[in-house]
There are 2 protein chains.
Amino acid sequence: MPTIKDVALAAGCSTATVSRALANPEKVTEATRKRVASAIAKVGYSPNLAARNLRRSESRTIVVLLPDIANPFFSEIIAGLEDVAHREGYRVLLGDCEHDTGRAKAYFDLLPTNQADGIILLTAEIPLSLVTQQARGSQIPLVMACEYFDHLALPTVRIDNPLAAARAVEYLSSLGHRRIATITGPMQNPICIDRVKGYQSEMARQQLAVNPGWIVEGDFGFLSGYQQGQLLLALPPEARPSAIFCHSDEMAIGLMKAARDASVRVPEDLSVIGFDNIGLSEYCQPELTTVSQPRDEIGRCAMRLLLDVLRKKQVPHQQVLSTQLIVRASTAQAPKP
Amino acid sequence: MPTIKDVALAAGCSTATVSRALANPEKVTEATRKRVASAIAKVGYSPNLAARNLRRSESRTIVVLLPDIANPFFSEIIAGLEDVAHREGYRVLLGDCEHDTGRAKAYFDLLPTNQADGIILLTAEIPLSLVTQQARGSQIPLVMACEYFDHLALPTVRIDNPLAAARAVEYLSSLGHRRIATITGPMQNPICIDRVKGYQSEMARQQLAVNPGWIVEGDFGFLSGYQQGQLLLALPPEARPSAIFCHSDEMAIGLMKAARDASVRVPEDLSVIGFDNIGLSEYCQPELTTVSQPRDEIGRCAMRLLLDVLRKKQVPHQQVLSTQLIVRASTAQAPKP
DNA sequence: TTGTGTAATGTAATCCATTACATTCAAGCA
DNA sequence: TGCTTGAATGTAATGGATTACATTACACAA
C-alpha cells in the first residue's frame, strides 16, 4: 500500500504539502494541488486512517447502541442515521446489546481509546453509571433517541409519548369504547411509563374508569402480546376490554393472534391499536391501526445532533418529533353491550 | 488518557516490558507481571487501538455487507455473526448497501487501508469487479453467506436451495396440488435461479406441467408478493394455481393479503409456502408454512470461516447447512376441481 | 537596492504501541 | 575461575499522517 511519502516523491514535494493539499487545499498553489492530485492517482494512494486517527485523536466512528437488532422498529432509524453519517464522512458501528449490559460497557470503552467519537443510545437498558460517569468527567458526546433517562439532561430526540398514547385512547373513546386496556413495554422504561400516563390521563379526561388489571406489561415482542392478550381476553365479560392499546405493533399482532385463538373477532368484538407502524402492520389481518413514528427522521435528527455536539455547537436538549395515528382495519365502533 | 509510558513509569520498567506483559505474559516474570497489572489498574490504562492497529496493520474489524438492514431475515444472521466476532475480540461494521453499489465500494476500500480485516458478503448485489479484483491481487479475506457468485470459488456458507425448493414442491404435490406456481426473488440472484431449478425439476419429477406464467419475479418484499399474487390469482380458472411457493415469507404474507382481497381462502382455496421462517410467520393469519433456514448458524459459520481465513487456516470452500420445511396452517389438501 | 511582509513549502516532532536488536544477569558447566 | 547459555529486560526504530515551527521565495514599498 502506497503511503503519503510515495505521493510526495511522485509529486516532487514534501509529505506536509501532500497532507495540506488534501486537508487544507487553500493553503497550496493551484499548480501543486494538481501535481499532488495526479501523483495520488498515479500511485493509487489512500490515507491510512489508523495513522490519521492516532494523530488526530479521533476515529470518525459513531457507536449506535440498541437493545436488539432483530427488532424491525430500529431498522429504519438506523437507515436514517447511517445516511447522515456517511454523508458527513462518519462510519456507524452498530452495537447490539441484546439486553446484556456487559456489552454496553465494551462499547463505551471504545470512546476513551479513540476508537469511537460518540455514542447514540437507542436504549435505556444500560447501566446508568456508564452514562453519568462519562457525562460528568470527560463530557462524552452522547445523544439519545426514542428513549431517555429520567434525571439526566442529555440531548435527546424523541416523540411526545404521553400525547401519542392519549390520542390513541381518545380515538378509541370516540368510537364508543369504555373498557380500554393497554399492553405496555417494559415498565422500567421511561417511555412506557409516559405512555401509561398518557393512557391514564386521557381515560380520566373521558371519565372512563381504569381497571388495574387492564394495564399489563409486555416486552414489545410478538409472544408477550400473545400471552398478555390471552390474559386480558380471559377476564370476566363485565371486565373484559373492548379495545386494547399496545405499545408496539408486534405485540398488537401477537394480541390479534390470541384473539383469533379465542374466537374473538377483530375489530367487531375487539379493537386493537399498535405503535410504530412497522412495514408488516399493513399486511397483517386485519390491517393494523397504529401510531406512526417518523423513524427515518428520528435517526437523522439524532445523528445530526451528535455531529453538532462533536463540533461543539450549541444543541437543543430536547427535540420532539410528531406522531400520527394511522387508522386501518383493526379498530371499529365498540360492540353494543 | 494514560499511555503505556505512564504504566511503565508506575511499574518501574520499560514500555516494552509492559507491552510484553500484556501480549506475551510468558516472556515476563511472575513478579513483573503483577507489578505491571497493578500499575495498569492504578493509572487506569487501556491501550490506544489506533496506535496498535497502525503498528500491527490490522483493525480487528470485520465488515458485513448486506442489501438491506430493514429486512428481518438478516437480523438473526447478524446476531450470530456478532456473537462469534465479539468472543474472538473482533468488531463488526455493518454495511447497508441499500442496493446501491457505490456504498459497497466504499466498504471494500476500508480493507487496503487497514480499517477492516475482512468482509462477509450477505449479498451478491455488488459490482463483481470489487470481488475479482481483490481476490486476485491481494487475496482479500472474503466470505459469502446465503448468496454466492456463479463462477467464483469463494468460501461460502449456504443452504441447498434447489433441494429446499424441491422439498416444498414435493410437499405441495403430496397434498394433491397439480397447478403450483412460484413467486421468486430477483432473478439476477443465483440462489433464486437455484430455487427455480429445484421447483422445475421437482415439477418434472412429479410429472406436473409448468405454465410459464406460473413463474413470476418478486423482490422479497411484502408489496411484490401482493402484486404478483394479484396477477397469479387473476389467471383464468383452468390456469389459476392452487398452491404458490414464495421465495420469502414477506412475499408469502403479501400474497395472502392479495388472496384475502380477492376472496380466495387460504388454505382452503390456495396453499401458500414461504421461505426463511421469520418471527412473523408464526403470527400471521393463517400461520405460514415455510422453509426454515438456520440463520443464527449461518452467521456463526460465516464468521468462523472468515476468522479461519484471517488466521491462514485451510478452509472448506463450501459449507452447506440444512433446511427444514415447517408445516403450519397456510397449506392444505388441494381443493376438489 | 534593501527591507518587510506574506504566501508557499519544507523539516522534524508527534501521536502510542510494538518489536527487532542490544544488554544485563545469573545459573550451569568445564 | 572463566565461559556459555538463555531468560528477562531495556533501547530505539517503526508504522503513516499531521502540524508547529523554520525556511524560502516573491511582491511591493521605501
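Proteins come first, then strands; the chains are lettered A, B, ... in the order of their sequence lines, and each starts at number 1.
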Please check this pair: side chain of D117(A) against backbone of R60(A), looking for a donor-acceptor N/O pair closer than 3.5 Å. yes
Side chains of L65(A) and I120(A), heavy atoms from C-beta outward: is any pair under 4.5 Å? no
Net bend of the helix from dT1(C)-dA30(D) to dA30(C)-dT1(D), end axes of five pairs each, nearest 10 degrees: 60°
Regarding E297(B) and R304(B), does a basic nitrogen lie under 4.0 Å from an acidic carboxylate oxygen? yes
Taking OP1 and OP2 of dA7(D), is either one under 4.0 Å from a side-chain nitrogen or oxygen of T29(B)? no
Along DNA chain D (nearest heavy atom to each residue), the more 5'-positioned of R52(B) and V28(B): V28(B)
Other residues, nucleotides, ligands: >12 heavy atoms within 6.0 Å of R311(A) CZ: yes
Distance in angstrom units between N53(A) CG and dT18(D) C1', rounded: 12 Å
Is T3(A) close enough to dG16(D) that one of its side-chain N or O atoms is under 4.0 Å from OP1 or OP2 there? no
Presence of salt bridge, R300(A) and D296(A), under 4.0 angstrom: yes
At a heavy-atom distance below 4.0 Å, which nucleotide of DNA chain C is the first touched by chain A, and which is the last? dA8(C) to dC16(C)
When you check the side-chain N and O atoms of Q318(A) and R158(A), is any donor under 3.5 Å from an acceptor? yes
Side chains of V143(B) and L154(B) in contact at under 4.5 Å (non-hydrogen atoms): no
Is any side-chain heavy atom of L22(A) closer than 4.5 Å to a side-chain heavy atom of I40(A)? yes
Would you say the side-chain atoms of N53(B) and E58(B) include a donor-acceptor pair closer than 3.5 Å? no
Taking only N/O atoms, report every protein-nucleotides 4-6 of chain D pair under 3.5 Å with atom names and distance.
none

According to a strict under-4.0 Å criterion, is T32(B) in side-chain N/O contact with OP1 or OP2 of dT9(D)? yes
Does dG16(D) have its OP1 or OP2 closer than 4.0 Å to a side-chain nitrogen or oxygen of Y45(A)? no
What is the minimum heavy-atom distance between F73(A) and N71(A), and which atoms define it? N-OD1, 2.8 Å
